[in-house]
Amino acid sequence: QVQLVESGGGLVQPGESLRLSCAVSAGAYAYYAVGWFRQAPGKEREGVSCINIEDGTIAHADSVRGRFRISGDNAKNTVYLQMNSLNPEDTAVYYCAADAIGGSCKNSRAPSEHEYDYWGQGTQVTVSS
């Protein structure tokens, strides 16, 4: 059973930065795809960023491209989401998820949640002045 644990959420002011972490336990981490998703109150969950651990392919949603950056530390089985220039529209619960088969991250599109099998519990990010 693959387990994912997010951390790093919090309350920040507009324009500030946060780095989220997703620690992945068990399984063949080197072959996974890991995605970040978010869900704001009253809205559907949306894909934010993803990475194929094996080949390093990354992708970002249009709404965050240029502000957010996904990366992985294979030695720590951890994926990070660096979020810069945050604005109130980024307020949401952020989830990481793993595709245990791998390869689902395509650099032409944001991640799609139906391709991901294992999910973390989420971490709250609030951007407010």
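The analysis underlying the following values was restricted to heavy atoms, covering all of them including side chains, and did not include hydrogens, waters or symmetry mates.
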Determine whether R69 and N84 satisfy the following criterion, side-chain contact (heavy atoms from CB on, under 4.5 Å), listing intermediate values before the conclusion.
CA-CA 8 Å; R69 180 73 178 180; N84 300 324; over 6 Å; no
Can L18 and M83 be said to form a side-chain contact (heavy atoms from CB on, under 4.5 Å), step by step?
CA-CA 5 Å; L18 276 176; M83 306 186 296; 3.8 Å; yes
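Residues passing the side-chain hydrogen bond (donor to acceptor under 3.5 Å, both in side chains) test with E89: none are found, sequence neighbours excluded. S85 pairs by the side chain to side chain contact (heavy atoms under 4.5 Å, CB included) definition with R67, not counting sequence neighbours.
Of the candidates E113, E46, E44, E6, E46 is the only one forming a salt bridge (Lys or Arg N to Asp or Glu O under 4.0 Å) with R38. When each of T57, N52, D99 is checked for a side chain to side chain donor-acceptor pair (under 3.5 Å) with S104, only D99 meets the rule.
Residue pairs meeting the ring pair (Phe, Tyr, Trp, His ring centres under 6.0 Å) criterion with at least one member in residues 53-96: none, sequence neighbours excluded. Applying the ring pair (Phe, Tyr, Trp, His ring centres under 6.0 Å) test to pairs two or more places apart or on separate chains, those with a residue in residues 103-129 are F37-Y116, F37-W119. Residues in residues 68-111 take part in these disulfide (SG to SG under 2.5 Å) pairs, two or more places apart or across chains: C22-C96, C50-C105.
Residues G47 and A61 share a closest heavy-atom pair of O-CB, 3.5 Å. The nearest pair of heavy atoms linking T78 to S21 is CG2-CB, 4.2 Å.
Taking CD from Q82 and OG from S49, the interatomic distance works out to 11.5 Å, rounded to the nearest 0.5 Å. For the atom pair OG of S71 and CZ of R19, the computed distance is 7.0 Å after rounding to the nearest 0.5 Å.
Counting heavy atoms from C-beta outward, I53 and V79 have side chains that approach closer than 4.5 Å.
A 6.0 Å sphere centred on CG of L11 holds more than 12 heavy atoms belonging to other residues, nucleotides or ligands.
By the rule that hydrophobic residues join a cluster once side-chain heavy atoms approach within less than 4.5 Å of another member, L20 and V93 end up as members of separate clusters.
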Side-chain donor-acceptor contacts of residues 122-129 below 3.5 Å, not counting sequence neighbours, with atom names and distances?
| from | atom 1 | to | atom 2 | distance (Å) |
| --- | --- | --- | --- | --- |
| T123 | OG1 | G9 | N | 3.3 |
| Q124 | NE2 | A92 | O | 3.4 |
| Q124 | NE2 | T126 | OG1 | 3.3 |

